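Structure record follows, encoded as structure tokens.
Everything numeric in this text was worked out from a predicted model, so none of it was measured.
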Amino acid sequence: MPKSRIRKKADYTPPPSKQTASIKLTNRSWVAPVMLAMFVIGLAWIVVFYVTDGSLPIDSLGNWNIVVGFGFIAAGFGVSTQWK
């Protein structure tokens, strides 16, 4: 049986590299401490409210102290969206 001819393949040429747009990342080192602080403050606010039977942190707010605690926790989640 005759040997088939070997086809000459073109050399591989990679596609031209795109100019990468330099993205300037700002320093976000403040995000993690602030986020964790908000979580801890919110949790501590709610725990103190329950442990003291509603007399602390702010007596005049009554059960709205729970909303304030969850507000701190929600703010922590809001800050966490800035983390890169």
Under the rule for side chain to side chain contact (heavy atoms under 4.5 Å, CB included), what residues qualify as partners of V31, not counting sequence neighbours? R28, V79, Q82, W83

Please evaluate residues L56 and V51 with respect to the criterion side-chain contact (heavy atoms from CB on, under 4.5 Å), reporting the C-alpha separation (whole Å), side-chain torsions for both, the decisive distance (0.1 Å), and the verdict. CA-CA 9 Å; L56 288 176; V51 168; over 6 Å; no

In terms of hydrophobic clustering (I, L, V, M, F, W, Y; side-chain heavy atoms under 4.5 Å; direct or indirect links), are V40 and I46 co-clustered? no

Looking at the rings of F39 and F72, which for Trp means the six-membered one, are their centres under 6.0 Å apart? no

Minimum heavy-atom separation for P33 to S29, with atom names? CD-O, 3.3 Å

For G62 and N65 the tightest heavy-atom approach is O-ND2, 3.0 Å

Partner of F49 under side-chain contact (heavy atoms from CB on, under 4.5 Å), chosen from I58, V68, N63: N63

Which heavy atom of M35 sits nearest to which heavy atom of G76, and what is that distance? CG-O, 3.4 Å

Which heavy atom in G54 sits nearest to a heavy atom in D59, and how many Å separate them? O-OD1, 3.4 Å

Group every Ile, Leu, Val, Met, Phe, Trp and Tyr by side-chain heavy-atom contacts under 4.5 Å, then state whether V47 and L61 land in the same group. no

Cluster check L43, V48: I/L/V/M/F/W/Y, side chain < 4.5 angstrom: no

